[in-house]
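Structure first, then comments.
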There are 2 protein chains.
Amino acid sequence: MESRQVERQAAPDTEPSVRQPGPEIELLVRDMIGRVADKWTMLILEELAEHGTLRFTRLGDLVGDISQKMLTKTLRQLESDGLVLRTVHPVIPPHVDYRLTELGLSLSEAFCGVWEWAEKYHAQVAQARQDFQSAALPRSSGRAVAAQDTDSGT
Amino acid sequence: MESRQVERQAAPDTEPSVRQPGPEIELLVRDMIGRVADKWTMLILEELAEHGTLRFTRLGDLVGDISQKMLTKTLRQLESDGLVLRTVHPVIPPHVDYRLTELGLSLSEAFCGVWEWAEKYHAQVAQARQDFQSAALPRSSGRAVAAQDTDSGT
DNA sequence: CAGTATCCAACCTGATACTG
DNA sequence: CAGTATCAGGTTGGATACTG
């Protein structure tokens, strides 16, 4: 899902003072979000953060409904991004361990807020969803509609 | 030498009173993660959190490279989940406002940690990716390989 | 055990065209 | 302006087979 066109808009030499990080940084940060804001990434990171070192199959079992394909793919990406360390023990049968790197651990900690949010508010979201469904069925009353406004704005 | 890890996967259901809610909740929370751990969700929430109320097109411009389709779709989902409030002003031409609800605001705050992480470590990730690429090309030396281990483990 | 490779169906995404 | 409809392409995921 990475088809990002990086427009290199000419940086005006009217570069103001030292102000905030440039817009280029913005793009990099955005890119990071695109990489880590992923369901499997979060779930895998969480399991590794909680259990420490895990083997491929065990990790897959813990995550639950992930396919071997996605597990492999996501782990490879996490490894290439320096978030997960993959260790191969040259034995038969194969034995491969996965564990978080310092960087990966720091990300899993950053995700904590989101996990806590999910735990705290999942009921409210479920309720909102029901309300939305209910409101969508009846004829009148769609969603929020502002009172007639004489100001056409545009 | 490698410490033989004693996996306690055989742990009986005698759930120790450590913490964690029931396993059913786990599934619900997981579901929530699946819904919010999304690139567009994060980006849209961020823009709304930063700018307050925004109109469709303006929001799309701020997010940048999102397609109209995904913008619509993601907004609908956010609306149905009670994170975003959509207000239609019945004028011509149409005028639709989007803004965060309290719930949406709380989620955007939960995401802060991830944004901060991205800002702080994006360079390290980029470096890791380069290193990984470099290490993948050469003949020998794949990634981390543990020393020969006489204990076949399984 | 820990993958890789392949086929195929289903879905997600983006770009384009059209409408009220 | 704020969408919806449609089509083309890539990604996801399951199932299966094969490897070291």
Side-chain angles (χ1 to χ4, degrees), chain A residues 1-5 7 34-35 37-41 43-44 53-80 84-99 136 142-146 149 151-154, chain B residues 2 4-5 7 9 34-35 37-41 43-44 53-80 84-99 136 142-146 148-149 151-154:
Chain A
M1 54 182 172
E2 303 293 322
S3 58
R4 180 175 329 303
Q5 47 185 22
E7 290 183 21
R35 280 179 157 284
D38 169 74
K39 179 185 172 185
W40 298 132
T41 295
L43 292 171
I44 290 175
T53 299
L54 290 172
R55 294 175 63 173
F56 186 82
T57 302
R58 173 98 175 101
L59 179 53
D61 289 345
L62 287 171
V63 172
D65 56 347
I66 189 172
S67 67
Q68 207 177 38
K69 199 186 214 172
M70 287 314 299
L71 180 56
T72 298
K73 181 176 180 177
T74 308
L75 281 172
R76 284 286 182 284
Q77 165 145 2
L78 291 174
E79 189 194 358
S80 80
V84 161
L85 182 61
R86 176 177 181 269
T87 308
V88 178
H89 298 268
V91 297
I92 295 175
H95 182 138
V96 180
D97 285 327
Y98 291 93
R99 67 184 179 80
R143 275 94 73 190
V145 176
D149 184 350
D151 174 16
S152 59
T154 318
Chain B
E2 130 175 3
R4 180 136 166 60
Q5 59 183 29
E7 293 189 15
Q9 59 186 56
R35 276 175 142 339
D38 169 73
K39 176 187 174 185
W40 298 131
T41 294
L43 292 173
I44 289 175
T53 298
L54 289 171
R55 295 176 64 174
F56 187 82
T57 302
R58 173 99 175 102
L59 179 53
D61 288 345
L62 286 171
V63 172
D65 56 350
I66 189 172
S67 68
Q68 220 176 26
K69 194 182 197 173
M70 287 315 299
L71 181 56
T72 298
K73 181 175 180 177
T74 308
L75 281 172
R76 284 287 183 285
Q77 165 144 0
L78 291 174
E79 189 193 358
S80 79
V84 160
L85 182 61
R86 176 177 181 269
T87 308
V88 177
H89 296 271
V91 298
I92 294 175
H95 182 140
V96 181
D97 284 328
Y98 291 93
R99 67 184 179 80
R143 277 91 74 187
V145 176
Q148 184 75 35
D149 183 350
D151 173 16
S152 59
T154 313

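Chain letters run A, B, ... following the sequence lines, proteins first and then strands; every chain starts at 1.
For the pair A/Glu79 CD and C/dA2 P, the interatomic distance rounds to 15 Å; values are reported in whole Å. When rounded to the nearest whole Å, the span between NZ of B/Lys69 and P of C/dT16 equals 13 Å. Protein atom CD1 of B/Ile44 is 11 Å distant from nucleotide atom P of C/dT13, rounded to whole Å. What separates CD of B/Gln68 from C1' of D/dG3 is a distance of 6 Å, to the nearest Å. When rounded to the nearest whole Å, the span between CG of A/Leu71 and C1' of D/dG13 equals 13 Å. Atom CD1 of B/Ile66 is separated from atom C1' of C/dC12 by 13 Å (rounded to the nearest Å). Going from atom CD of A/Gln77 over to atom C1' of D/dT11 covers 13 Å, rounded to whole Å. The distance from atom CZ of A/Arg35 to atom P of D/dT11 is 13 Å, rounded to the nearest whole Å.
The side chain of A/Arg55 contributes an N or O atom lying less than 4.0 Å from OP1 or OP2 of C/dA2. Contact annotation: A/Ser67 side-chain N/O to D/dG14 OP1/OP2 distance is under 4.0 Å. Side-chain nitrogen and oxygen atoms of A/Trp40 include none within less than 4.0 Å of the OP1 or OP2 phosphate oxygen of D/dT12. The phosphate of D/dG3 has OP1 or OP2 within less than 4.0 Å of a side-chain N or O from B/Arg86. OP1 or OP2 of D/dC1 has not a single side-chain nitrogen or oxygen of B/Arg58 nearer than 4.0 Å. The shortest distance between the side-chain N/O atoms of B/Arg76 and the OP1/OP2 oxygens of D/dT4 is below 4.0 Å. Using a 4.0 Å cut-off, no side-chain N or O of B/Thr57 falls inside it from OP1 or OP2 of D/dC1.
For the residue pair B/Leu54 and B/Arg58, the shortest heavy atom distance occurs at CD2-CG, 3.6 Å. Here the shortest heavy-atom pairing between B/Arg86 and B/Tyr98 reads NE-OH, 3.2 Å. Annotation for B/Phe56 and B/Leu71: closest pair O-CD2, 3.5 Å, computed over non-hydrogen atoms.
The pairing partner recorded for D/dC18 is C/dG3, the criterion being a Watson-Crick or G-U wobble arrangement whose two distances lie under 3.5 angstrom.
For B/Tyr98, whose side chain is taken as the heavy atoms from C-beta onward, the closest listed nucleotide among D/dG3, C/dT4, C/dG14 is D/dG3.
DNA chain C is contacted by both B/Met70 and A/Phe56; A/Phe56 maps to the nucleotide lying nearer its 5′ end (nearest heavy atom per residue).
Residues A/Ile66 and A/Leu43 are not in side-chain contact: their nearest non-hydrogen atoms beyond the backbone lie 4.5 Å or more apart. Between B/Arg99 and B/Val84 the shortest side-chain heavy-atom distance does not fall below 4.5 Å.
Remark: the B/Lys73 side chain and the D/dT4 base include no donor-acceptor N/O pair separated by less than 3.5 Å.
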